S.K.: 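Have a look at this one.
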Amino acid sequence: MARHLITSALPYINGIKHLGNMVGSMLPADVYSRYLRQRGHDVLYICATDEHGTPAELAAKEQGLPVDEFCAQAHDAQKAVYDGFALAFDYFGRSSSPQNVEITQHFARRLNENGFIEERAIRQVYSPADGRFLPDRYVEGTCPHCGYDKARGDQCENCTRVLDPTDLIDPRSAISGSTDLEVRETKHLFLLQSKLQHEVEEWVSRHEADWPQLASSIARKWLNEGLHDRAITRDLDWGVPVPADTWPELAAEGKVFYVWFDAPIEYIGATKEWSDLDPENRDWKSWWYEADDTVRYTEFMAKDNVPFHTVMFPATELGVREPWKKVDYVKAFNWLTYYGGKFSTSQKRGVFTDQALDILPADYWRYFLIANAPESDDSSFTWEHFTATVNKDLADTLGNFVNRVLSFSKKRFGEEVPQGSAAGEAEAKLGEQIAELLAEYEAQMEALQFRKAAAALRALWSAGNSYLEEKAPWLEIKTDKDGAALTLRTAMNLIHLYAVVSEPFIPASAKVMREAFALSDDTATWVSPEEAKALAAVPAGTAFTVPPVLFAKLTDDDLAAYKERFGGEPAQ
């Protein structure tokens with residue numbers, strides 16, 4: 001089987017992420033990783049907190065903590081939420097790790113040796129009111145391209161154009177709000193991306209046809225506009241230090257690497273963190289170095305991260321002139337909006353992941369988010385849509401099927417799967433239908449089309465309900481007890497099938513469904529379409545229990561309470 005390396009965009013350290021962050025990277029990466037593991041592939045899913053940069057320093061200052069202590073606490077807080085969402089990382093690291101420092105500095109040295117880094121004196125924004133140079137992200141103003149009045153000095157989040165602070169109209173300090181800004185001279189290191197333009201273009205050309213249109217179009221837009229040399233160091237106290245053996249003067253001034261230089265390298269750094277925990281059995285380099293022919297590398301991210309992963313980081317890897325693994329497939333997502341407006345960490349708009357888990361178990365959120373993933377365009381979260389999806393798909397279609405089959409069988413036949421008649425025409429027809437739907441589900445998962453995969457999974461669940469309604473065992477038992485037993489035995493086999501193939505989406509509920517049956521040798525990790533036809537994984541005589549209700553139906557009172565707590569009205 002293939003070896004699959006999977007990464008999702010690193011969540012930034014300053015605060016718990018909202019649902020838009022979850023569905024834009026980590027959750028689909030987890031769903032895909034779980035699916036691949038079930039199919040027998042060797043999978044390594046790596047993520048980490050992105051811990052450097054001014055926002056971390058400021059958040060630590062607000063809490064009265066040293067920045068390293070703040071980051072350690074924030075990392076643990078984020079990891080607890082991701083555990084609550086059942087994200088099955090193989091390793092969740094930290095970009096402040098010694099491993100990332102080591103590899104980032106190695107990359108910088110190699111880029112310098114190869115002529116792709118240059119020291120330049122530049123004029124940078126300085127705020128007398130704050131007593132410091134302002135890194136790009138902490139100069140705000142109006143974007144000169146689209147007029148957005150909250151653009152940052154590195155990038156406009158509205159039109160995604162890359163900016164310099166001096167490009168902004170009416171700039172101000174994001175720390176103090178002061179407009180009394182000066183431009184002073186300071187020295188920084190620049191990555192000469194312009195010298196790598198053609199190599200990056202050739203690399204993108206070899207891959208973009210396979211990527212989603214969203215990813216390829218963003219990469220091509222950047223390349224068409226031309227790659228510019230970019231400063232990769234900052235005047236900060238917190239970050240990967242510039243190595244003194246190569247740049248002694250800058251190191252003495254306390255320069256650190258720009259967070260967007262070291263953050264993508266942390267994918268490699270986190271893999272080394274994972275490997276260093278068990279070096280005798282884990283080889284980090286086998287995943288990253290000279291691995292083009294042995295590893296398929298898939299990245300998951302929202303569209304604002306696409307330029308850094310399809311252009312800037314590949315330029316870094318190419319310039320190092322070493323055989324580091326580059327991404328094969330970029331799965332990019334549009335935005336999940338909240339009633340048509342942006343989720344916002346700074347403005348506390350929308351539902352945050354810790355709040356979501358306070359309300360309902362993770363599987364409710366996992367299913368809804370993937371079933372409505374913003375793949376081809378933006379999608380909107382509304383409480384009306386959420387409650388309707390939970391009630392229709394999870395509570396009625398799946399949960400009610402499981403409960404009524406097992407409850408009715410226990411009541412009429414006891415606590416063992418009944419034997420009943422031999423399978424007949426209805427069961428043969430059902431088997432063919434299930435095999436076809438399962439093949440469709442597999443195809444959509446292989447293609448990383450998550451909304452379509454969710455639709456195929458939902459169709460599998462619906463097929464069981466249609467079969468049950470057609471056979472109506474509650475009526476059948478009055479005239480044909482063996483026929484009713486067959487119907488229930490077949491339905492129980494469907495429940496087991498659902499438990500196996502639903503695991504990537506709803507792992508906790510899948511576990512409950514599977515454990516309802518006392519199978520001594522239940523080792524199946526997947527069910528092939530051909531195997532599914534037989535619907536015979538749970539034989540007659542198998543003991544079973546009726547689990548608690550899988551999914552509680554949400555009421556109008558629940559809906560009203562959610563809207564009162566979080567706000568939101570249907571978009572006009």
Side-chain angles (χ1 to χ4, degrees), residues 1-10 23-48 82 85-93 203 206-212 215 264-275 277-278 281-301 305-306 309-310 313-314 317 323-333 366 370 373 375 439 441-450 452-454 457 500-505 507 510 524-528:
M1 289 291 183
R3 301 178 78 214
H4 286 267
L5 174 64
I6 295 172
T7 63
S8 52
L10 308 186
V23 73
S25 59
M26 291 175 284
L27 180 56
D30 178 73
V31 170
Y32 187 56
S33 298
R34 286 175 175 275
Y35 169 76
L36 291 175
R37 291 189 192 105
Q38 284 187 288
R39 301 303 305 274
H41 297 293
D42 187 6
V43 176
L44 185 66
Y45 177 21
I46 294 292
C47 193
Y82 304 144
F85 266 85
L87 301 184
F89 305 115
D90 286 284
Y91 191 74
F92 187 71
W203 178 78
R206 293 197 300 271
H207 293 83
E208 62 181 333
D210 297 327
W211 294 348
I265 296 172
E266 167 59 7
Y267 297 131
I268 306 173
T271 308
K272 190 172 189 302
E273 293 174 55
W274 164 80
S275 179
L277 293 173
D278 187 7
N281 297 301
R282 298 174 179 176
D283 179 10
W284 68 277
K285 274 197 169 182
S286 72
W287 291 94
W288 282 104
Y289 201 81
E290 296 181 336
D292 281 345
D293 298 329
T294 60
V295 173
R296 178 168 175 80
Y297 178 20
T298 306
E299 290 180 340
F300 291 79
M301 70 200 66
N305 282 322
V306 168
H309 292 78
T310 60
F313 186 44
E317 290 186 292
W324 294 99
K325 178 67 182 175
K326 288 172 280 295
V327 66
D328 294 300
Y329 191 85
V330 178
K331 178 62 177 179
F333 291 86
R366 289 177 62 101
I370 293 297
E375 291 176 297
Y441 178 52
E442 287 181 2
Q444 299 301 342
M445 288 293 283
E446 295 288 344
L448 286 84
Q449 293 293 317
F450 291 102
K452 292 179 180 178
L457 181 60
V500 175
V501 302
S502 302
E503 194 266 348
F505 280 69
T525 58
W526 194 251
V527 182
S528 71

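If you're wondering where the values come from, they're calculated on a predicted model, not measured in any experiment.
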S.K.: Look at the rings of W526 and Y35 and say which category their plane angle falls in: under 30° parallel, 30 to 60° tilted, over 60° perpendicular.
M.R.: perpendicular

S.K.: Let's go through V330 and T298 carefully: what are the C-alpha distance in whole Å and the side-chain angles of both, what is the deciding distance for side chain to side chain contact (heavy atoms under 4.5 Å, CB included) to 0.1 Å, and is it a yes or a no?
M.R.: CA-CA 6 Å; V330 178; T298 306; over 6 Å; no

S.K.: Please examine the side chains of W324 and E290, heavy atoms only from C-beta on, and report whether any two atoms are closer than 4.5 Å.
M.R.: no

S.K.: Identify the two heavy atoms, one from G93 and one from E273, that lie closest to each other, and give their separation to 0.1 Å.
M.R.: CA-OE1, 3.5 Å

S.K.: Could you tell me whether D292 and K326 have a side-chain N and a carboxylate O separated by less than 4.0 Å?
M.R.: no

S.K.: How far apart are the closest heavy atoms of A2 and H41, and which atoms are they?
M.R.: N-ND1, 3.3 Å

S.K.: To the nearest 0.5 Å, tell me how far S286 OG sits from R3 CZ.
M.R.: 4.0 Å

S.K.: Flag the pair D328 and R296 as a salt bridge only when some basic side-chain nitrogen lies within less than 4.0 angstrom of an acidic carboxylate oxygen.
M.R.: no

S.K.: Please report the interatomic distance CE(M26) to OG1(T7), rounded to the nearest 0.5 Å.
M.R.: 12.5 Å

S.K.: Is a side-chain donor or acceptor of Y441 paired with a backbone partner of V501 at a separation under 3.5 angstrom?
M.R.: yes

S.K.: Write down the atom of G24, the atom of F333, and the distance for their closest heavy-atom approach.
M.R.: O-CD1, 3.5 Å

S.K.: Quick check: does any side chain N or O of R366 sit under 3.5 Å from a backbone N or O of F505, one acting as donor and the other as acceptor?
M.R.: yes

S.K.: Check whether any side-chain heavy atom of I6 lies under 4.5 Å from a side-chain heavy atom of I46, and answer yes or no.
M.R.: no

S.K.: Determine whether V327 and H309 make a side-chain contact, defined as any pair of heavy atoms from C-beta on separated by less than 4.5 Å.
M.R.: no

S.K.: Given 3.5 Å as the limit, does a donor-acceptor pair link the side chain of S275 with the main chain of R282, or not?
M.R.: yes

S.K.: Is the shortest side-chain N to carboxylate O distance from D90 to R37 below 4.0 Å?
M.R.: yes

S.K.: Which pair of heavy atoms, one from I268 and one from F313, lies closest together, and at what distance?
M.R.: CD1-CZ, 4.5 Å

S.K.: Any chance you could lay out the side chain to side chain donor-acceptor pair (under 3.5 Å) test for E299 and Y329, step after step, and finish with the verdict?
M.R.: CA-CA 6 Å; E299 290 180 340; Y329 191 85; over 6 Å; no

S.K.: Main chain of W287, side chain of K325: is a donor-acceptor contact present, judged purely on distance under 3.5 Å?
M.R.: no

S.K.: Can you label the angle between the F450 ring and the F300 ring as parallel, tilted or perpendicular, going by 30° and 60°?
M.R.: tilted

S.K.: Supply the atom-to-atom distance D30 CG to F89 CZ, rounded to the nearest 0.5 angstrom.
M.R.: 7.5 Å

S.K.: Nearest heavy-atom pair of M445 and A453: which atoms, and what distance?
M.R.: SD-CB, 3.6 Å

S.K.: OH/Y91 to SG/C47 distance, rounded to the nearest 0.5 angstrom?
M.R.: 12.0 Å

S.K.: Are P504 and Y32 side-chain neighbours, meaning at least one heavy-atom pair lies under 4.5 Å?
M.R.: no

S.K.: Between M301 and A9, what is the shortest heavy-atom contact and its length?
M.R.: CB-CB, 4.0 Å

S.K.: Between T525 and Q38, is there a donor-acceptor pair closer than 3.5 Å when you use the side chain of the first and the backbone of the second?
M.R.: yes

S.K.: Supply the atom-to-atom distance S25 OG to L10 CG, rounded to the nearest 0.5 angstrom.
M.R.: 9.0 Å

S.K.: A side-chain contact here means heavy atoms from C-beta on lying under 4.5 Å apart; do Y45 and L5 qualify?
M.R.: no

S.K.: Does R39 pair with E446 as a salt bridge, N-O distance under 4.0 Å?
M.R.: yes

S.K.: So, E375 and K331, do they make that salt bridge, N to O below 4.0 Å?
M.R.: yes

S.K.: Would a line drawn from the ring center of Y297 to the ring center of W288 be shorter than 6.0 Å?
M.R.: yes

S.K.: Would a 4.5 Å heavy-atom cut-off, applied to side chains only, mark W274 and L44 as touching?
M.R.: yes

S.K.: Please report the interatomic distance CG(L36) to CG(D42), rounded to the nearest 0.5 Å.
M.R.: 10.5 Å

